[in-house]
K.L.:
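My questions all concern the structure below.
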Amino acid sequence: MVQNIKPQYRQIWQTVQAIPAGKVASYGQIADLAGLPKRARLVGKALGCVPKNGWQGQAVPWYRVINSQGKISLPQGSDGSLLQKQLLQDEQVVVIGCRVKLKDYQWQPSIDELLFKLQF
DNA sequence: GCCCTGACTCTCA
DNA sequence: CTGAGAGCCAGGG
């Protein structure tokens with residue numbers, strides 16, 4: 001049972017929820033924004049532990065998180081990767097193979113959003 | 001407490 | 001841009 005929700009996971013999920021639809025972010029970016037520099041891998045783990053129902057009544061758009069190369073890190077052919085591709089495309093994000101055009105779709109946090117994060 | 005693994009990232013060729 | 005290698009941190013056995 002995973003009842004002890006780790007604060008870091010919570011923070012990561014919260015940050016992921018801040019990603020606007022139609023945009024994507026890298027693990028490192030999320031880790032950094034969540035106040036966990038160099039914990040990109042932990043972000044992946046956190047996403048793997050995301051409750052299926054979401055967090056605090058909101059869905060956690062884990063599929064908007066990809067690696068710094070703009071690729072889906074999940075094994076190709078796995079349910080997760082296929083689902084991620086589909087969900088991204090539903091958000092009008094072009095996905096070629098397992099690749100996304102970071103140049104066009106990478107999320108660039110605005111000042112407001114950064115200030116919002118600083119409140120915590 | 002050591003060792004291995006991992007939804008990562010950076011650097012170099 | 002792509003691929004290979006080394007680095008890094010946290011979790012689980």
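In what follows, chains carry the letters A, B, and so on, assigned in the order in which the sequence lines appear, proteins first and then strands, with residues in each chain numbered from 1. Quick note: numbers below take in every heavy atom, side chains included, and nothing from hydrogens, waters or symmetry partners.
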K.L.:
Can you see which heavy atom on A/Ala34 is nearest to which on A/Gln11, and at what distance?
P.N.:
O-CG, 3.1 Å
K.L.:
Please enumerate all protein N or O atoms sitting under 3.5 Å from an N or O of nucleotides 11-13 of chain B, with distances to 0.1 Å.
P.N.:
none

K.L.:
Side chain to side chain donor-acceptor pair (under 3.5 Å) with A/Ser81: which residues, sequence neighbours excluded?
P.N.:
A/Ser78
K.L.:
Of A/Leu33, A/Val24, A/Val65, which meets side-chain contact (heavy atoms from CB on, under 4.5 Å) against A/Ile19?
P.N.:
A/Val65
K.L.:
Residues two or more places apart in sequence or in another chain: which of them pass salt bridge (charged side-chain N to carboxylate O under 4.0 Å, His left out) with A/Arg64?
P.N.:
A/Glu91
K.L.:
What residue pairs, at least two apart or across chains, pass side-chain hydrogen bond (donor to acceptor under 3.5 Å, both in side chains) with a residue in residues 93-108 of chain A?
P.N.:
none
K.L.:
With side chain to side chain contact (heavy atoms under 4.5 Å, CB included) as the test, would you mind laying out the steps for A/Ile66 and A/Leu102 before giving the verdict?
P.N.:
CA-CA 10 Å; A/Ile66 55 181; A/Leu102 272 184; 4.0 Å; yes
K.L.:
Check DNA chain C against residues 97-106 of chain A and give the residues with a non-hydrogen atom under 4.0 Å, in numerical order.
P.N.:
A/Arg99
K.L.:
Only counting residues at least two apart or in another chain, list the ones meeting side chain to side chain donor-acceptor pair (under 3.5 Å) with A/Ser26.
P.N.:
none
K.L.:
Just to be sure I understand the geometry, which residues of residues 26-40 of chain A put a non-hydrogen atom under 4.0 Å away from DNA chain B?
P.N.:
A/Ser26, A/Tyr27, A/Gly28, A/Ala40
K.L.:
Take A/Val100 and A/Val94, measure what side chain to side chain contact (heavy atoms under 4.5 Å, CB included) needs, and give me the verdict at the end.
P.N.:
CA-CA 6 Å; A/Val100 175; A/Val94 177; over 6 Å; no
K.L.:
Taking distance alone, no hydrogens or angles, what donor-acceptor pairs closer than 3.5 Å link side-chain atoms of residues 67-75 of chain A to residues at least two apart or in another chain?
P.N.:
from, atom 1, to, atom 2, distance (Å)
A/Asn67, OD1, A/Gln69, N, 3.0
A/Asn67, OD1, A/Gly70, N, 3.1
A/Asn67, OD1, A/Lys71, N, 2.8
A/Asn67, ND2, A/Lys71, O, 3.4
A/Asn67, ND2, A/Ser73, OG, 3.3

K.L.:
Which atom pair, heavy atoms only, marks the closest approach of A/Gly77 to A/Leu82?
P.N.:
O-CD1, 3.9 Å
K.L.:
Which pairs count as salt bridge (Lys or Arg N to Asp or Glu O under 4.0 Å) when at least one residue sits in residues 29-51 of chain A, sequence neighbours excluded?
P.N.:
none
K.L.:
Out of curiosity, A/Lys6 NZ to A/Ile12 CD1, how far, rounded to the nearest 0.5 Å?
P.N.:
10.5 Å
K.L.:
Just wondering, do A/Val93 and A/Gln89 contact through their side chains at under 4.5 Å, heavy atoms?
P.N.:
no
K.L.:
For residues 48-62 of chain A, please give each side-chain donor-acceptor pair under 3.5 Å, one per line with the distance, not counting sequence neighbours.
P.N.:
none

K.L.:
Among residues 74-96 of chain A, which contact DNA chain B at a heavy-atom distance under 4.0 Å?
P.N.:
A/Leu74
K.L.:
Strictly below 4.0 Å: does A/Ser68 bring a side-chain N or O up to OP1 or OP2 of B/dC8?
P.N.:
no
K.L.:
Can you give me the first and the last nucleotide of DNA chain C (5' to 3') that has an atom within less than 4.0 angstrom of a non-hydrogen atom in chain A?
P.N.:
C/dT2 to C/dG12
K.L.:
Can you tell me how far apart OH (A/Tyr27) and CD1 (A/Ile30) are? Round to the nearest 0.5 Å.
P.N.:
10.0 Å
